[in-house]
Amino acid sequence: MQWVTVKDALTGKVPVDSEVTLKGWVRTRRDSKAGLSFIQLNDGTCLANVQLVAQNTLPNYADQVAHLTAGCAIEADGVLTPSQGRGQSVELQASAVRVVGEVDDPETYPIQPKAHTYEFLREVAHLRPRTNTFGALTRVRHELAQAIHQFLHGQGYYWISTPIITASDAEGAGQMFRVSTLDQVNLPRDDKGQIDYSQDFFGQETFLTVSGQLNVEAYCLALSRVYTFGPTFRAENSNTTRHLAEFWMIEPEIAFADLAANADLAEAMLKAVIGQVLERCEDDLAFLAGRSDKELIDRLRNLADSEFVRMDYSEAVKILAECGKRFEFPVSWGSDLQTEHERYLTEVHVGSPVVVMNYPEKIKAFYMRLNEDERTVAAMDVLAPGIGEIIGGAQREERLDQLDRRMRQFHIDPTHYQWYRDLRRYGTVPHAGFGLGFERLVAYISGMGNVRDVIAYPRTPGNAQF
RNA sequence: UCCCGGAUAGCUCAGUCGGUAGAGCAAGUGACUGUUAAUCACUGGGUCGCAGGUUCGAGUCCUGCUCCGGGAGCCA
């Protein structure tokens, strides 16, 4: 008998009256003394369950079928028929139900047919994919990743798998996790008493990457349009709804491009991928919207067809200073925008994503390009309502003298960046790129309030189980 | 790391003025002629986060600790 997915069975791909096998996990069982049980079966291929109808004439009805509880793994053979009840168009009239894996202690099986808190589900991260919410989130996340690859591929971008392990110890984006095979209990020392990393696996100090940007710039200056999409690590003691110690980031890099072209790509990409997820994940998004924010889908649709507002940092400061709202932190030209300022701009002033551009040079990273005014750099942040900064990017400093000046200004040792400096010596061109936090985008699209709930196994300070 | 809040049954929570613990869901048993997180009845289920203190008596008040959540900082 042919094994079909629940999705195919429910969406008409499997003809009515055909004999099929379904496999999956029991969500609920309801008994009727008419001599039958209804079993809701889910296999993760879609949000909906398929209803199995199991008659008490099945040989294992009394001792197995009538005792099925949430979480049991089963296979069922039968004929797919139009449903006699309401609530589903088809159901499987089971001719056999085989128990593949039972739940040995139903009372303590954590996933019950009821609403659980996200905090509780994080403690059972290995079982939470069996819930409607995490099933939906998993499918949305997958479609979004596919949409990003498809969009960039369609625009002629090549995916560069930049290294996870790096020797650049000052990429300017936060604390790093050390990678070492040295015996931590008995560390080798040099004559000055310092740890002797020449004896370490790579012969030098190494870390987990905080960004693939520097590496991908080299490929940009050869293949013109490239991007990275991979895991990224920050050893910051951040305890918020939008930070993870291990997260995924998309970093496109465009040659012969300025900041405006960079913002154009960011906007086109967000619109395209959100449009594609809206189209492909209708049921899942409708379910997620019902759990979080009823206006989610309208807001996403709106975003996909409206123009992003763009403003200079200087203009943003002016708006904030004159808006009449009292902020905890004062607004002044030269200091970075606080979360409360960003939220006001995107949530109150604009009401949709906003691109803030051209920040003071002192508050932005060394590789960002100095503007003509010599007091700002060509940096941009894309701010989205509810989640805040979703994209951070810049036109890169392609002039060697300016890059060296910026490195000195930030007390960065140029000897660690000789290969990066080489890119400015050999055929340098204006180029620009940005980093998009994948979990932040999934959270924004799904309406979830915490990035810990849009990644399979969140890594945060003090938390790396599973 | 800082500020605020929280921790009571497998889960979600209530617990008044300090007087030895409750509900819903889940689980078990039974009832019910096709149900929709079915319904109804009954049953079992507790180291009240940990350690001290005050008190005749602490889930409740006090102190310390642990863990969790929200906000802030860092950033994507």
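Every chain is numbered from 1, with letters handed out A, B, ... down the list of sequences.
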Regarding [X], tell me which of base, sugar-phosphate or nothing describes its non-hydrogen contacts under 4.0 Å with the strands shown.
X: A:Thr240; answer: base
X: A:Asp105; answer: nothing
X: A:Ile390; answer: sugar-phosphate
X: A:Ala70; answer: nothing
X: A:Arg27; answer: nothing
X: A:Glu91; answer: base
X: A:Gly85; answer: base
X: A:Leu244; answer: base
X: A:Gln93; answer: base
X: A:Phe120; answer: sugar-phosphate
X: A:Gln88; answer: base
X: A:Glu119; answer: sugar-phosphate

Between [atom2] of [N] and [atom1] of [X], the distance in whole Å:
X: A:Lys364; N: B:A76; atom1: NZ; atom2: P; value: 7 Å
X: A:His67; N: B:A26; atom1: NE2; atom2: P; value: 17 Å
X: A:Glu389; N: B:G73; atom1: CD; atom2: P; value: 12 Å
X: A:Phe327; N: B:G71; atom1: CZ; atom2: C1'; value: 16 Å
X: A:Leu127; N: B:G10; atom1: CG; atom2: C1'; value: 13 Å
X: A:Ile39; N: B:A37; atom1: CD1; atom2: P; value: 16 Å
X: A:Leu383; N: B:C75; atom1: CG; atom2: P; value: 14 Å
X: A:Leu41; N: B:U36; atom1: CG; atom2: P; value: 19 Å

Practice task
Have a look at A:His126 and tell me which of A:Phe466, A:Tyr457, A:Phe134 forms a ring-ring contact (aromatic ring centres under 6.0 Å, His included) with it.
Solution key: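 With A:His126 as partner, A:Phe466, A:Tyr457, A:Phe134 yield a single ring-ring contact (aromatic ring centres under 6.0 Å, His included), made by A:Phe466.
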Could you check whether any side-chain N or O of [X] sits under 3.5 Å from a backbone N or O of [Y], counting only pairs where one atom can act as donor and the other as acceptor?
X: A:Arg122; Y: A:Thr117; answer: no
X: A:Glu251; Y: A:Gly212; answer: yes
X: A:His67; Y: A:Ala62; answer: yes
X: A:Glu340; Y: A:Phe327; answer: no

Distance between the [atom1] atoms of [N] and [M], in whole angstroms?
N: B:C13; M: B:A7; atom1: P; answer: 10 Å
N: B:G28; M: B:U1; atom1: P; answer: 44 Å
N: B:C25; M: B:G45; atom1: C1'; answer: 14 Å
N: B:U47; M: B:U20; atom1: C1'; answer: 14 Å
N: B:G52; M: B:C42; atom1: C1'; answer: 43 Å
N: B:A26; M: B:U43; atom1: C1'; answer: 14 Å

Exercise for the section: Looking only at side-chain atoms of A:Val53, point me to the closest of B:G34, B:C75, B:C11. Expected result: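 Ranking B:G34, B:C75, B:C11 by closest atom to the A:Val53 side chain puts B:G34 first.
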Scan every strand shown for a Watson-Crick or G-U wobble partner of [N], both distances under 3.5 Å, and answer none if you come up empty.
N: B:U55; value: none
N: B:C65; value: B:G49
N: B:U1; value: B:A72
N: B:A41; value: B:U29
N: B:U16; value: none
N: B:U36; value: none

Within the modelled atom types, does a donor on one side and an acceptor on the other bring the side chain of [X] and the base of [N] under 3.5 Å apart?
X: A:Asn239; N: B:U1; value: yes
X: A:Gln112; N: B:G10; value: yes
X: A:His243; N: B:C75; value: yes
X: A:Ser238; N: B:C75; value: no
X: A:Glu107; N: B:G44; value: yes

Would you say [X] reaches [N]'s phosphate, i.e. side-chain N/O to OP1/OP2 under 4.0 Å?
X: A:Thr339; N: B:G73; value: yes
X: A:Ser32; N: B:G34; value: yes
X: A:Thr28; N: B:A38; value: yes
X: A:Arg452; N: B:G69; value: yes
X: A:Arg343; N: B:G71; value: no
X: A:Gln338; N: B:G73; value: yes
X: A:Arg122; N: B:G69; value: yes
X: A:Thr241; N: B:G71; value: yes
X: A:Asn237; N: B:C2; value: no
X: A:Arg30; N: B:A38; value: yes

Problem - Closest-nucleotide ordering on RNA chain B, the 5'-leading residue of A:Ala34 and A:Tyr109 - result: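 On the 5' side of the pair lies A:Tyr109.
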Handout entry: First of A:Asn463 and A:Glu342 reached from the 5' end of RNA chain B, by closest nucleotide
Key =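 By nearest-heavy-atom nucleotide position, the 5'-most residue is A:Asn463.
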Exercise for the section: Anything under 30° is parallel, anything over 60° is perpendicular, the rest tilted; go ahead and classify A:Trp159 against A:Tyr227. Expected result: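 Aromatic pair A:Trp159/A:Tyr227 classed parallel.
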Exercise for the section: Indicate the ring-plane relationship of A:Tyr420 and A:Tyr417, choosing parallel, tilted or perpendicular according to the 30° and 60° boundaries. Expected result: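 Because their plane-to-plane angle is over 60°, the rings of A:Tyr420 and A:Tyr417 count as perpendicular.
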Handout entry: Passing option when A:His431 is tested against A:Arg396, A:Glu397, A:Glu217 for side-chain hydrogen bond (donor to acceptor under 3.5 Å, both in side chains)
Key =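 Option passing the side-chain hydrogen bond (donor to acceptor under 3.5 Å, both in side chains) with A:His431: A:Glu217.
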Practice task
Check the geometry between A:Phe247 and B:A76 and answer yes if their rings are stacked (centres below 5.5 Å, planes below 30°), otherwise no.
Solution key: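 Given the distance and angle limits, yes, they stack.
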Problem - Worked verdict on A:Thr162 versus A:Tyr219 for side-chain hydrogen bond (donor to acceptor under 3.5 Å, both in side chains) - result: CA-CA 10 Å; A:Thr162 50; A:Tyr219 273 75; over 6 Å; no
Practice task
Provide the closest heavy-atom pair for A:Val356 versus A:Leu383 in the form atom of the first, atom of the second, distance.
Solution key: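 Minimum heavy-atom contact is CG2-CD1, 4.0 Å.
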